[in-house]
Amino acid sequence: MAPRSRRRRHRKPPSSVAPIIMTPTTIVTPMPLTPSKPGPSIDTLGFFSLDDNVPGLSQLILQKLNMKSYEEYKLVVDGGTPVSGFGFRCPQEMFQRMEDTFRFCAHCRVLPSGLSDSKVLRHCKRCRNVYYCGLECQRSDWPAHRRVCQELRLVAVDRLMEWLLVTGDFVLPSGPWPWPPEAVQDWDSWFSMKGLHLDATLDAMLVSHAMTTLWASVGRPRPDPDVLQGSLKRLLTDVLSRPLTLGLGLRALEIDVRRIGGSTVHVVGASHVETFLTRPGDYDELGHMFPGHLGLRVVMVGVDVANGFSQSTSTSPLEPGTIQLSAHRGLYHDFWEEQVETGQTNHPDLVAAFHPGFHSSPDLMEAWLPTLLLLRDYKIPTLITVYSHQELVSSLQILVELDTHITAYGANPFMSLKPEQVYSNPNKQPVYCSAYYIMFLGSSCQLDNSQLEEKVDGGI
């Protein structure tokens, strides 16, 4: 068994953050790690934390989805075979029950079961997203709700339009990039590059039978075409944000993707978000970002990897220009000892973690610590994304305390443009997936705390 990684003296964290590129790190000798016991699932913690703001919300969700326990819910989310009794008689019932999971008063937090006979939950007529048990609660809540009402209107539309991705009716447009890759630096340039071809794809989707069927089933008026096209574009960025963010990391960390046999990316802490309903073509844009690459392996590693996702982690050379997706269920530091150190899978050229959440609870930090130290001590180029500026600051604090050498951080030009509602706190400012990134390589940060604070005083 490998010796435990040495502990480093912790440094004080920065007080605020601005985009910054730091100098290359010095070489240190890697120290392997001892595997720890399996940690908590971020999916599980997130589900039951719903009750912190709205007591009983988790049980309401299970009830409306015809499930008896969280284990049944998790089985379906992970792509397993649903238990007997799960399902809906028709699309109309499905959409109604899904909407019912959002029915609680945004001000007093009362659920339908707690209402008096004289009260009923009604949604805000502007956003059709947030519910109130009466005018008194709605008026009291307006100062908070008015700040997010317009964004929540987009969330309500996107939540329904996402069904077209689930059914496979909305197929992401893809193909070789007609522009030089270095000219595509953000979503504006990406959309400009796609131009008329993308517009034709979206226009065809708007008049499709699948779109007509969707809006005939949801029990609300169909929005105008420009609203629906905007939603399709947001959904597109949500799916492509992950592969293009990986490309951002490969570029910034100067990973050579023309290595004979192919290059390897490990996505750690992967869950159903990265693996459930993910199709091989979803990562084609990553390949188009690097024309002439000699093969790219993307291996998802996490305790919440969806069932049915390819478990192959072969070391066989890839054909030039191909992308291979696979997964491994488990903790990354265990995967490292069992698969990487034994040569059963390739050493990573880049490791990425989408929204690891280690800043949010001691339990998650304890579970992530062996992996973070492994990545630091083995000098593995690492990319982390977070939802918000606040999470960016908190995550930087932890990484600086762990003496990681942070090479870059800032706003992600390929963040998802689809706003995400905080389920149990709907009037909280919506967040965006992979809105900010952090990159680190090894240890021994070149800047001390006072120097770092001078760099970041301006904010983002």
Side-chain angles (χ1 to χ4, degrees), residues 24-30 32 174-185 240 242-268 270 274-275 278-302 305 309-328 332-333 335-354 371 374-384 405 407-408 414 437 439-442:
T25 187
T26 54
I27 296 177
V28 295
T29 303
S174 187
W177 288 8
W179 289 11
E182 58 273 13
V184 182
Q185 296 291 329
L240 295 182
R242 286 185 289 275
L244 292 182
T245 298
L246 293 181
L248 176 74
L250 291 169
R251 275 180 178 174
L253 291 163
E254 299 181 342
I255 309 299
D256 181 10
V257 297
R258 299 199 178 194
R259 293 175 47 189
I260 295 176
S263 304
T264 301
V265 177
H266 290 170
V267 177
V268 299
E274 290 83 20
T275 54
T278 295
R279 299 171 175 88
D282 293 351
Y283 278 72
D284 285 352
E285 287 297 290
L286 176 60
H288 300 321
M289 200 173 186
F290 298 96
H293 73 84
L294 298 183
L296 293 167
R297 299 179 189 84
V298 181
V299 185
M300 315 282 187
V301 184
V305 166
F309 206 82
S310 171
Q311 300 292 310
S312 171
T313 53
S314 169
T315 59
S316 301
L318 296 178
E319 291 293 325
T322 61
I323 295 181
Q324 180 189 81
L325 298 183
S326 61
H328 178 90
Y332 187 68
H333 50 277
F335 171 77
W336 182 273
E337 288 199 348
E338 297 165 5
Q339 300 284 326
V340 179
E341 286 191 339
T342 60
Q344 296 181 54
T345 193
N346 295 83
H347 191 281
D349 299 289
L350 173 71
V351 167
F354 296 109
T371 292
L374 183 153
L375 297 173
R376 180 198 71 184
D377 289 345
Y378 278 89
K379 283 181 53 57
I380 300 171
T382 301
L383 165 72
I384 291 172
H405 179 204
T407 60
F414 292 111
Y437 66 85
M439 301 181 197
F440 69 83
L441 178 62

Test side chain to side chain contact (heavy atoms under 4.5 Å, CB included) on Met289 and Leu244; report intermediate values, then the result. CA-CA 8 Å; Met289 200 173 186; Leu244 292 182; 4.0 Å; yes
Can you give me the closest heavy-atom contact between Leu294 and Arg258, atom names plus distance? CD1-O, 3.1 Å
Could you list all the side-chain hydrogen bond (donor to acceptor under 3.5 Å, both in side chains) pairs where at least one residue sits in residues 242-254, not counting sequence neighbours?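 Sorted result for residues 242-254: Thr245-Asn412.
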Would you indicate whether the side-chain heavy atoms of [Y] and [X] approach each other to under 4.5 Å?
X      : Y      : answer
Trp177 : Val184 : yes
Gln339 : His328 : yes
Leu350 : Leu253 : yes
Thr382 : Val268 : no
Trp336 : Pro348 : yes

Working to the nearest 0.5 angstrom, can you tell me the gap between [X] [atom1] and [Y] [atom2]?
X      : Y      : atom1 : atom2 : value
Lys379 : Phe440 : NZ    : CZ    : 11.5 Å
Leu286 : His293 : CG    : NE2   : 7.0 Å
Glu337 : Thr342 : CD    : OG1   : 10.0 Å
Leu374 : His333 : CG    : NE2   : 9.0 Å

I would like to know whether Leu296 and Leu318 meet side chain to side chain contact (heavy atoms under 4.5 Å, CB included); could you show each step before the answer? CA-CA 8 Å; Leu296 293 167; Leu318 296 178; 5.6 Å; no
Carefully, step by step, assess Leu250 and Val265 under the rule side chain to side chain contact (heavy atoms under 4.5 Å, CB included). CA-CA 9 Å; Leu250 291 169; Val265 177; 4.2 Å; yes
Results of side chain to side chain contact (heavy atoms under 4.5 Å, CB included) for [X] - residues two or more places apart only:
X      : result
Pro176 : His288
Asp349 : Ile255, Arg259, Ser263, Thr264
Ala270 : Val267, Glu274, Met300, Val305
Ala252 : Met439

Quick one: does any side-chain atom of Gln324 pair with a main-chain N or O of Val298 as donor and acceptor, under 3.5 Å?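 Flag not set: sc Gln324 to bb Val298 has no pair under 3.5 Å.
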Tell me which one of Leu441, Val351, Ile384 satisfies side-chain contact (heavy atoms from CB on, under 4.5 Å) with Leu375. Val351
The ring pair (Phe, Tyr, Trp, His ring centres under 6.0 Å) partners of Tyr332 (sequence neighbours excluded) come to His266, Phe335
Is there a side chain to side chain contact (heavy atoms under 4.5 Å, CB included) between Leu325 and Tyr283? Walk through the geometry before answering. CA-CA 9 Å; Leu325 298 183; Tyr283 278 72; 3.9 Å; yes
Can you tell me if Glu182 has over 12 outside heavy atoms packed within less than 6.0 Å of its CD?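 Yes, because the 6.0 Å sphere around CD of Glu182 holds more than 12 heavy atoms from other groups.
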